[in-house]
Protein chains: 2
Amino acid sequence: MSRQDGAMTSPRRRSATRSVTLQDVAELAGVSAQTVSRVLRVPDEVSPHTREKVETAIRDAGYVPNLSARNLASNRSKIVATVIPSLSASIFSETLTGLSSVLAPEGYQLLLGYTDYDDKREEELIRSLLGRRPDGFFMTGTLHSPAVVRMLTASGVPVVETWDWTDTPLDTLVGFSNEEAMYAMVSSLHEAGYRRPCFVGRLHKGDHRSRRRLDGYLRAVADHWPGAEPRVFDASEYPLTLEAGGRLLEVVRRLHPECDVLVFATDVFANGALLAAAERGIAVPDEIAVSGFGDFELSRLIRPGLTTVALPNTTIGQEAARMLLRRMRGEKPARPHVDLGFEIRRRASA
Amino acid sequence: MSRQDGAMTSPRRRSATRSVTLQDVAELAGVSAQTVSRVLRVPDEVSPHTREKVETAIRDAGYVPNLSARNLASNRSKIVATVIPSLSASIFSETLTGLSSVLAPEGYQLLLGYTDYDDKREEELIRSLLGRRPDGFFMTGTLHSPAVVRMLTASGVPVVETWDWTDTPLDTLVGFSNEEAMYAMVSSLHEAGYRRPCFVGRLHKGDHRSRRRLDGYLRAVADHWPGAEPRVFDASEYPLTLEAGGRLLEVVRRLHPECDVLVFATDVFANGALLAAAERGIAVPDEIAVSGFGDFELSRLIRPGLTTVALPNTTIGQEAARMLLRRMRGEKPARPHVDLGFEIRRRASA
DNA sequence: CAAGGTCATGTTAGCGCTATCGTCAGCGCT
DNA sequence: AGCGCTGACGATAGCGCTAACATGACCTTG
């Protein structure tokens, strides 16, 4: 039985009943698909009468444009891919809010991915995000694997790196120097009379910003106490929680009893240490001083107030968004690298 | 690198130099595009020898599949649209982490939108998210405008509603009852001997969960103190910050001096009130007791510890993800409505 | 009043991929 | 030898949309 009977070619049909399409709306309105498309994208190029007809048809049909198809045809996705290390750390939430608040009014959507401070995951993540052909790329950090650099460069997508500083950004950069900030913090502590600091932070493989803070600490120690052996405690094994900060207070004090100020790489730990100190009757700053990094709201309200570094959490997101918007319009920003700086906040804890 | 030389027929050309395509890889590997596509999707259906050739070509060409095209052709997007009220509130961050941690390994990406507790924005947001033809929809809350209900229903996308409870979910539901939780809280306070509670929360138009908590409060007051006029303070005008919690402590105490326990609708305010009380020498719980809602980490470590309601923050995200995965596979979960419950945490503040 | 311009709309040809079906070699079995 | 089957791969026809060009009605203008 040969299959020669295909004379009356039944056309190949795709499977499911799909949603309402442009074509459906066009037929309903009695115009061409192109006109419907124009009503959606460039309403001014359609006569008021036709436009109204089409808009009614769109509403009646409950039409929702298929953005994948639009993306494919127009080569623009209106998506900004967003890479952050962690969702839980509230600092990034604020940055995301800033980012989204500027991008959303322009019709951009955020495609979110988090790396959990893992370089390998970052690579996979970026590959899969690139698959959506985003119009822009928001990155946390400036240190990326060669593969990541290659992919991003090859893709030609506008990129903004944030939350750090580098002299060789991929494209644009909106951040501050973690190293300088920590250097300034330690200098401030030195000036305040502290003599035996100990750095406490998560020196995770993938957490490059902590590493930079350590670099700043080491440089400051070398400058202010030449020849001294810098005290450093790697808290990689500790989760990023207040409670862990409390445990770190004890552990580090046991390890370095001579230490007079704990220089935490994040306010989370520092605040946790303050809470634990209060609980256990350890006097801060008299018995041991504490400094943080990030200036959370709690750091300002807790007693003693936490001496820390204020960072431009929200501003980073907003500025990065503006930078991306300019780049996505094809402009070459005059100053593609913006240093938003930081501020030392001296409070009672040190 | 021209693909085809249309010397005579200058064919219509699309604008830009686009990225590497399947076809490019196919030519490089000396196979058809279909085979490359198979290597990507169903490697088992390709002979090992061919597969290896193609994989090499993919790597050499730096090919990144265009997921918009894939989406269009296959009618599956591997995107889960995620609607949350706010990014800043850290509770949702934890839920997002849970959601993402289950979905990412299955190849799904999160398309993120936040409504800022605004019903109108929710509507626009959902429309634009639907445009990407997501495979699943994650919603915070169970109370939506008719337009939202219509759109989601018409789209046929699997939906999971969370962070609340309803008897008429759109599709699946993973949450707990805010009303019951607050009812239980107030009952517990009643049992502890408190007699003149005052509810303090943001009764924003778009913040339906706060409203439900108020409902639970009102019902509890009616049950435990029949005939009594319930004390309620609407903190809509206050930002969701610790500092605002401190101000609320003063404002509400002035307004209701007889009140013996402040029943906050969120731990943010409650913790802020505890910090302010300590600062101003107001004794908690002797002068005024305080309860919260959410059980943040701080609530456990602050002194006095905050009496509050623990919620399944992370679990909600994970369970919701599992629910969606099942629905996206076309299964009809046996129990499409999961109540994850809550727990009253009694601590020193009340 | 014909040549040229403008405006609103339609027609055509893809964008890069996958679903579907077709083909063809190789196999075991009667 | 002939049959049906399987496995590996290719050819074709879209998915729903937009860019680029085409058309045709209606104005100007000299």
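Letters A, B, ... are given to chains in the order of the sequence lines, protein chains preceding strands, and every chain is numbered from 1. Because only heavy atoms are used, hydrogens play no part in the values below, and waters and symmetry mates are left out as well, while side chains stay in. This is a predicted model, so every value here is computed, not measured.
Look at NZ on Lys78(B): it is 16 Å from C1' on dC17(C), rounded to the nearest Å. Distance, Arg132(A) CZ to dC17(C) C1': 13 Å, rounded to whole Å. Rounding to whole angstrom units, CG of residue Asn75(A) and P of dC15(C) are separated by 11 Å. When rounded to the nearest whole Å, the span between CZ of Arg76(B) and C1' of dG16(D) equals 17 Å.
Of the residues in residues 21-51 of chain A, Thr21(A), Leu22(A), Gln34(A), Ser37(A), Arg41(A) come within less than 4.0 Å of DNA chain D through at least one heavy atom, sorted by number. Of the residues in residues 56-71 of chain B, those with a non-hydrogen atom less than 4.0 angstrom from any atom of DNA chain C are Tyr63(B), Pro65(B), Asn66(B), Ala69(B), Arg70(B).
In terms of the side-chain contact (heavy atoms from CB on, under 4.5 Å) criterion, residue partners of Val20(B) (sequence neighbours excluded) are, by chain and number, Asp24(B), Val25(B), Ala61(B), Tyr63(B). Considering only residues two or more places apart in sequence or on other chains, Lys205(B) meets the side-chain contact (heavy atoms from CB on, under 4.5 Å) condition with none of them. The side-chain contact (heavy atoms from CB on, under 4.5 Å) check on Asp164(A) picks up Thr142(A), Asn178(A), Arg209(A), Arg212(A), with sequence neighbours excluded. Applying the side-chain contact (heavy atoms from CB on, under 4.5 Å) test to Glu124(A) and every residue at least two apart in sequence or in another chain returns Lys120(A). The ring pair (Phe, Tyr, Trp, His ring centres under 6.0 Å) test applied to Phe92(B) returns Trp163(B), not counting sequence neighbours. Under the rule for a side-chain hydrogen bond (donor to acceptor under 3.5 Å, both in side chains), Thr82(A) has no partner lying at least two apart in sequence or in another chain. The side-chain hydrogen bond (donor to acceptor under 3.5 Å, both in side chains) test applied to Thr315(B) returns no partner, not counting sequence neighbours.
Residue pairs meeting the salt bridge (Lys or Arg N to Asp or Glu O under 4.0 Å) criterion with at least one partner in residues 45-68 of chain B, sequence neighbours excluded, are absent. A salt bridge (Lys or Arg N to Asp or Glu O under 4.0 Å) check over residues 314-324 of chain A, counting only residues at least two apart or in different chains, returns the pairs Glu319(A)-Arg322(A).
In the helix from dC1(C)-dG30(D) to dT30(C)-dA1(D), the rotation axis of the first five pairs and that of the last five pairs differ in direction by 40°, rounded to 10 degrees.
A donor-acceptor pair shorter than 3.5 Å cannot be found between the side chains of Thr172(A) and Arg326(A).
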